[in-house]
Amino acid sequence: MLKRIDAGQVCIGMFVEVIEGLWQDPFLCKRRFSLRREVDAAKIRKCGTASVVINTSKGLDTNRLPGRDVEIDIQAARETVQKSVQLLEEAFAKLRNGDGVSIDHVAPLISSVSKSMDENPAVFLSVTRLKSKDEVTFLHSISVSALMILFSRHLALDEHTIQILGTAGLLHDVGKLEVPLEVLNKTGPLEKDEIGLLRGHPEKGHAILSRQEGMSDIVLDVCLNHHERIDGKGYPRSLPASEVSLHARMATICDVYDAITSVRPYKAPWSASQALKWMFGAEGHFDRQLLKKFALCLSVASVS
């Protein structure tokens, strides 16, 4: 479990994920380490930096006692994921039947995902990685929602925007409701007409969400533009980089990262390091400065 604490609370026995703020010590500026010497703890306490992120599953908590057993977090994450899948299935069923779905309908789901990401993001994301053929769309949406929340917090966005971006991640692929299952679940290469059907899902999703009462402009933007690229070669509209919002750029990164790190019946997952190496090498696809921040975000959260 990750916890952000004041520098003055640091003590030996803690596992430090990152020291936030201006910090020049050549040893202690390492991103992740176990704090073993009182002299080092004293340096951090006196440095005046804003905060320190500790991992209580690998070291002491602020009460100087070991943190929670990681197995407890795994079970809690599984329960949250199961409930989230059920709620999302119900919301998507309403949309499929032509019924309305508002932000309020998915607010409890976003709240539970957000809480899980606060407690142990690495565990929650690991639980969502195993995606069966029947649950792939739902689990992918939940995972992208969780990544958007994690990334938004790392970028220090305001809490209202964080919740909206969590919702955007949850609903970004709603247009796949109108893509045939045989296309979505196909294990081999797609035919040209099948590619056309799949690439139509952002516009179909945008049309569905535009009909919903009180739907946020950010959610609509992410739904329509999460497959746009920085080099202007994305879809559905081949937008130039200047017209792709921060929110859509974040969603592109989170969407692709989850897709290539997930276990599917027909493919092995990539590790976080393999995925990020490929993403950094994908010229023109992602906002590279934002991708660097995403990589740091995963590192702080101990996602591997």
Side-chain angles (χ1 to χ4, degrees), residues 73-96 101 105-152 163 165-187 198 201-202 204-205 208-209 219 222-223 226-227 250-272 274-275 279 294 298 301 303-304:
D73 289 334
I74 290 173
Q75 184 56 37
R78 284 174 178 158
E79 292 175 1
T80 298
V81 168
Q82 288 170 356
K83 291 177 182 176
S84 298
V85 167
Q86 182 180 350
L87 288 171
L88 191 57
E89 282 183 319
E90 292 172 358
F92 276 30
K94 283 178 174 289
L95 291 171
R96 188 180 289 111
V101 171
H105 281 104
V106 296
L109 199 164
I110 295 299
S111 178
S112 63
V113 170
S114 180
K115 182 174 182 293
S116 292
M117 293 302 286
D118 281 341
E119 292 176 348
N120 199 324
V123 167
F124 185 82
L125 291 171
S126 70
V127 169
T128 67
R129 279 184 178 174
L130 183 58
K131 296 173 170 64
S132 69
K133 182 183 291 188
D134 294 333
E135 292 184 334
V136 60
T137 297
F138 302 115
L139 282 174
H140 173 64
S141 297
I142 291 166
S143 184
V144 172
S145 174
L147 286 167
M148 291 286 274
I149 289 170
L150 181 72
F151 197 13
S152 300
Q163 299 304 308
L165 285 172
T167 303
L170 198 67
L171 300 176
H172 78 288
D173 268 348
V174 70
K176 288 183 178 178
L177 289 174
E178 298 190 15
V179 178
L181 284 176
E182 56 267 28
V183 174
L184 292 177
N185 295 330
K186 188 173 181 179
T187 57
L198 187 60
H201 81 269
K204 292 180 184 297
I208 291 170
L209 294 181
V219 175
V222 166
C223 181
H226 67 276
H227 282 293
M250 291 171 64
T252 300
I253 291 171
C254 294
D255 180 46
V256 172
Y257 176 82
D258 179 68
I260 61 181
T261 57
S262 292
V263 180
R264 299 282 179 86
Y266 50 86
K267 81 169 189 69
W270 288 358
S271 68
Q274 289 172 321
M279 291 171 76
F294 180 72
L298 295 181
V303 175
S304 60

Which atom names give the shortest non-hydrogen contact between M279 and I253, and what distance separates them? CE-O, 3.5 Å

In short, T261 meets P269 closest at the heavy-atom pair O-CB, 3.3 Å

Counting only pairs under 3.5 Å, give me each side-chain donor-acceptor contact of residues 83-96, with atom names and distances, residues two or more places apart or in other chains.
residue, atom, partner, partner atom, Å
S84, OG, T80, O, 2.7

Closer than 4.0 angstrom, basic N to acidic O: yes or no for K176 and D173? yes

Between OG1 on residue T128 and CZ on residue F138, distance to nearest 0.5 Å: 15.0 Å

Kindly say whether S271 contributes a backbone atom to a donor-acceptor pair with the side chain of Q274 at under 3.5 angstrom? yes

Would you call S114 and Q163 a side-chain contact if the rule is heavy atoms closer than 4.5 Å? yes

Check whether any side-chain heavy atom of S141 lies under 4.5 Å from a side-chain heavy atom of L171, and answer yes or no. no

Kindly determine whether N185 and V136 satisfy side-chain contact (heavy atoms from CB on, under 4.5 Å), including the steps that lead there. CA-CA 9 Å; N185 295 330; V136 60; 4.3 Å; yes

P202 to H227 - nearest heavy-atom pair and separation: CG-CD2, 4.1 Å

Residues in salt bridge (charged side-chain N to carboxylate O under 4.0 Å, His left out) contact with D255, at least two apart in sequence or another chain: none

Dump the intermediate steps for side-chain contact (heavy atoms from CB on, under 4.5 Å) on L198 and L184, then the final yes or no. CA-CA 8 Å; L198 187 60; L184 292 177; 3.9 Å; yes

Take L109 and T167, measure what side-chain contact (heavy atoms from CB on, under 4.5 Å) needs, and give me the verdict at the end. CA-CA 9 Å; L109 199 164; T167 303; over 6 Å; no

Verdict with supporting geometry, H140 and S262, side-chain contact (heavy atoms from CB on, under 4.5 Å): CA-CA 9 Å; H140 173 64; S262 292; 5.7 Å; no

If you define the side chain from C-beta out and look only at heavy atoms, does anything of H226 sit under 4.5 Å from H201? yes

Rounding to 0.5 Å, atoms CG (L165) and CZ (F151) come to a distance of 10.5 Å

Do the non-hydrogen side-chain atoms of V144 and Y257 ever get within less than 4.5 Å of each other? no

Going from OG on S126 to CZ on R78, what distance comes out if it is rounded to the nearest 0.5 angstrom? 8.5 Å

Rounded distance [0.5 Å steps], CG in L125 versus OG in S116: 10.0 Å

Note: V174 and G205 closest approach over all heavy atoms is CG1-CA, 3.6 Å

Tell me, do I142 and F124 make a side-chain contact under 4.5 Å, heavy atoms counted? yes

To the closest 0.5 Å, what do you measure between CD (E182) and NZ (K186)? 10.0 Å

Which heavy atom in A275 sits nearest to a heavy atom in I260, and how many Å separate them? CB-CD1, 3.6 Å

M148 side, atom CE; I110 side, atom CD1 - distance, nearest 0.5 Å: 10.0 Å

Taking the side chain from S111 and the backbone from A107, do they hold a donor-acceptor pair closer than 3.5 Å? no

When every non-hydrogen atom of A146 is compared with those of M117, the smallest separation belongs to O-CE, 3.4 Å

With side chains defined as the heavy atoms from C-beta onward, is the minimum distance between L170 and V113 less than 4.5 Å? no

